[in-house]
Amino acid sequence: LYCVSIRVTRRDFRLSSEELMELENPMLVVTTENVAGHRVTEVKGQCFGVVVRSRGLGGNIMAGLRSIVGGEIDEYTQLLEEARRHAVDRLVRNATAMGANAVLMMRFDSAEIGQTMSEIVAYGTAAVIECEAA
Amino acid sequence: LLRAALFLVGGILLAAAGCSAIAGCNLGIVLRLAIPGLVLMFGLLVERWRYKPVTIHRPGPDWVPTNERFIDPESGETVTVFYQPSTGERRYVAG
């Protein structure tokens, strides 16, 4: 009955594309403990995404030369951006494998390994959430 | 521009190594010019730093767009994140 009522509601009121996208958004990653308009029905546990990345020799030489005059070091900005995406991708993949549809309290941690390697850890609590209106 | 300048430096080193080899210079001098030139050129040509490129088209019908958007610092374009519910994989699409 619940499923049928949801289907009827969606057919009758014709949700906007934004609302539809919100409903179908299967993995929500938030930095907050609670998600507005949702309740946590199940906590799956801790979830991680770890990556260590480095620029190659060419990139490191260019970054070293660029640091002589200062300003933004594009090579390392790109490195950290790629590392961020990689870590979040792994976090989401692990959360999906755990059967979660949300990662709560997501945080980043970073460190340096050696002189040129950057370690990024994305972690949070994998959980199952559902809309409070239901 | 910086990359091109470094390519030029590598090329000059290799050319100098070649010239000194033709002129019959000491092998030590030739190697001291050739090895840094080769290492520099190799380092510039073979750099495996890119993780996942930003694509132009939607990955497929079974991929779901998420509300996650960000501005790519490299291109300045807005990027939308797509999600594959069955595997948990994510893709980055411009626009």
Side-chain angles (χ1 to χ4, degrees), chain A residues 17-30 47 49 51 53-69 72-101 103 106 116 118 120 126, chain B residues 1-11 13 35-55 58-59 61-95:
Chain A
S17 59
E18 285 83 10
E19 286 170 318
L20 201 61
M21 193 185 287
E22 179 70 33
L23 277 171
E24 289 174 351
N25 195 353
M27 179 60 72
L28 194 63
V29 181
V30 294
C47 190
V51 69
R53 295 186 69 88
S54 171
R55 286 299 302 239
L57 180 70
N60 283 324
I61 291 172
M62 283 195 283
L65 290 173
R66 213 183 286 275
S67 70
I68 294 169
V69 291
E72 185 181 5
I73 312 298
D74 296 334
E75 288 76 20
Y76 289 147
T77 302
Q78 289 163 355
L79 167 71
L80 286 183
E81 175 65 24
E82 297 273 328
R84 176 193 74 80
R85 291 181 203 172
H86 205 158
V88 173
D89 286 1
R90 285 194 173 158
L91 172 79
V92 168
R93 211 163 182 167
N94 290 339
T96 306
M98 291 166 78
N101 67 354
V103 178
M106 195 277 282
T116 55
S118 177
I120 301 268
Chain B
L1 187 67
L2 189 59
R3 192 180 171 85
L6 285 172
F7 265 120
L8 187 68
V9 170
L13 282 169
I35 290 171
L38 282 172
V39 168
L40 187 60
M41 295 291 262
F42 181 78
L44 288 168
L45 286 170
V46 185
E47 200 188 1
R48 200 173 58 92
W49 67 271
R50 174 118 17 224
Y51 163 58
K52 212 181 257 184
V54 175
T55 56
R58 190 188 168 122
D62 52 341
W63 288 76
V64 182
T66 68
N67 293 325
E68 188 179 337
R69 278 182 185 80
F70 61 90
I71 294 166
D72 185 24
E74 191 184 354
S75 62
E77 283 185 325
T78 304
V79 177
T80 303
V81 180
F82 278 72
Y83 175 77
Q84 167 65 266
S86 58
T87 61
E89 198 185 339
R90 283 151 53 98
R91 290 269 175 89
Y92 301 94
V93 181

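Numbered from 1 within each chain, the chains take letters A, B, ... in sequence-line order.
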Pairs of heavy atoms under 4.5 Å with chain B: top-ranked of A:Asp74, A:Val88, A:Asn60, A:Val51: A:Val88

query: Looking at A:Arg90, A:His86, A:Glu72, A:Met62, which makes the most heavy-atom pairs under 4.5 Å with chain B?
result: A:His86

message: For the interface with chain B, which of A:Glu75, A:Arg85, A:Arg66 has the highest count of heavy-atom pairs at distances below 4.5 Å?
response: A:Arg85

field: Region of B:Val39 that comes under 4.5 Å of a non-hydrogen atom in chain A
entry: both

task: Pick one of side chain, backbone, both or neither for B:Val54, based on which atoms fall under 4.5 Å of a heavy atom in chain A.
output: side chain

query: What are the two closest heavy atoms between A:Thr96 and B:Thr87, and how far apart are they?
result: CG2-C, 4.2 Å

message: Can you tell me which portion of B:Phe70 sits under 4.5 Å from chain A's heavy atoms? Options are side chain, backbone, both or neither.
response: side chain

statement: Minimal heavy-atom distance between B:Leu44 and A:Gly58, with the atoms involved, is CD2-CA, 3.8 Å

message: Which heavy atom of B:Gly43 sits nearest to which heavy atom of A:Leu57, and what is that distance?
response: CA-CB, 4.0 Å

B:Glu47 side-chain N/O to A:Gly59 backbone N/O, donor-acceptor pair under 3.5 Å: yes

query: For the residue pair A:Gln78 and B:Glu74, what are the closest heavy atoms and their distance?
result: NE2-CG, 3.4 Å

message: Would you compute the distance between atom CD of A:Glu81 and atom OH of B:Tyr51 and round it to the nearest 0.5 angstrom?
response: 12.0 Å

query: Of the backbone (N, CA, C, O) and the side chain (C-beta and beyond), which part of B:Leu6 lies under 4.5 Å from a heavy atom of chain A, both, or neither?
result: side chain

- request: Give the minimum heavy-atom separation between B:Lys52 and A:Glu82, together with the two atoms involved.
  value: N-OE1, 3.6 Å

